[in-house]
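Shown next, in structure tokens, is the structure this report addresses.
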Amino acid sequence: MDWAGWAVFGLVATAALTAAMISAQMAGLTRLDLPLVLGTLVTEDPDRARVVGFFIHLLAGQGFALGYAVAFALLHRATWWIGALFGGLHVAIALTVILPLLPGVHPRMASLRAGPSSTAVLEPPGLFALNYGVQTPAVTAVVHVIYGVVLGLLLRAG
């Protein structure tokens with residue numbers, strides 16, 4: 001496996017995903033702000049949370065890129081379409097399992113079951129993150145497929 005390629009390409013793919021997600025948010029297509037959601041795990045200040053969350057997101061992206069790289073190595077090939085399939089699987093798990101469970105562990109996120117608390121500053125994403133807008137699932141799917149395609153193309157070339 002190309003370890004240098006994984007490290008560099010993971011950053012490139014995560015940067016592409018993050019840029020696409022932020023662009024979609026700025027265009028009004030979604031209210032999901034992943035750096036804010038992740039950063040408020042650590043700090044309640046929203047400006048600091050976005051900075052901290054950006055770096056948490058980069059680290060998470062590196063971890064997922066490692067998983068993609070290992071899967072490509074096990075398949076003995078990396079292609080854009082396999083990367084797209086991995087991106088689809090990745091987003092399916094994120095939208096149906098990870099995000100809906102987040103209120104159970106996030107100290108500053110309200111819960112649908114427990115209701116808001118005095119420390120809750122974020123609304124829960126809900127299934128498919130629909131609480132952040134009806135277009136959020138589609139936007140999230142597209143950016144994760146982009147992530148997988150970028151990794152498939154770059155790890156193939158590396």
Review item, side-chain donor-acceptor pairs of residues 77-88, under 3.5 Å, at least two apart:
{"residue": "Thr79", "atom": "OG1", "partner": "Trp81", "partner atom": "NE1", "Å": "3.2"}
{"residue": "Thr79", "atom": "OG1", "partner": "Ile82", "partner atom": "N", "Å": "3.1"}

Quick one: side chains of residues 34-43, donor-acceptor pairs under 3.5 Å with protein atoms, not counting sequence neighbours, listed by atom name and distance.
{"residue": "Thr40", "atom": "OG1", "partner": "Leu36", "partner atom": "O", "Å": "2.9"}
{"residue": "Thr40", "atom": "OG1", "partner": "Val37", "partner atom": "O", "Å": "3.1"}
{"residue": "Thr40", "atom": "OG1", "partner": "His106", "partner atom": "NE2", "Å": "3.1"}
{"residue": "Thr43", "atom": "OG1", "partner": "Asp45", "partner atom": "N", "Å": "3.4"}

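Smallest separation of non-hydrogen atoms from Gln62 and Trp6: O-NE1, 3.2 Å. For the residue pair Ala65 and Gly10, the shortest heavy atom distance occurs at CB-CA, 3.5 Å. For Gly133 against Pro137, the heavy-atom pair with the smallest separation is O-CD, 3.8 Å. The two residues Ala110 and Pro103 come nearest to each other via the heavy atoms O-CB, 3.5 Å.
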Please lay out, stage by stage, how Phe72 and Arg156 fare under the test side-chain contact (heavy atoms from CB on, under 4.5 Å). CA-CA 9 Å; Phe72 287 138; Arg156 182 175 126 193; over 6 Å; no
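The side-chain heavy atoms of Leu95 and Thr140, taken from C-beta on, include a pair separated by under 4.5 Å. Counting heavy atoms from C-beta outward, Val150 and Val12 have side chains that approach closer than 4.5 Å. In this structure, the side chains of Leu32 and Pro125 stay at 4.5 Å or more apart for every pair of heavy atoms. In this structure, Glu44 and Arg108 have side chains that are in contact, with non-hydrogen atoms separated by less than 4.5 Å.
A continuous path of Ile, Leu, Val, Met, Phe, Trp and Tyr side chains, each step under 4.5 Å between heavy atoms, connects Val142 with Tyr132, placing both in one hydrophobic cluster. Put simply, Leu99 and Leu101 are part of two different groups of oily side chains (I, L, V, M, F, W, Y) that touch within less than 4.5 Å, one to the next. Linking Ile, Leu, Val, Met, Phe, Trp and Tyr residues whenever their side-chain heavy atoms come within less than 4.5 Å leaves Val149 and Leu11 in two separate clusters. Taking hydrophobic clusters as Ile, Leu, Val, Met, Phe, Trp and Tyr residues chained together by side-chain heavy-atom distances below 4.5 Å, Leu59 does not share a cluster with Phe64.
Listed for the Tyr147 side chain is a donor-acceptor partner under 3.5 Å among the backbone atoms of Gly61.
In this structure, the side-chain contact (heavy atoms from CB on, under 4.5 Å) partners of Ala24, at least two apart in sequence or on a different chain, are Leu29, Thr30, Val139.
More than 12 heavy atoms of other residues, nucleotides or ligands sit less than 6.0 Å from atom CZ of Arg31.
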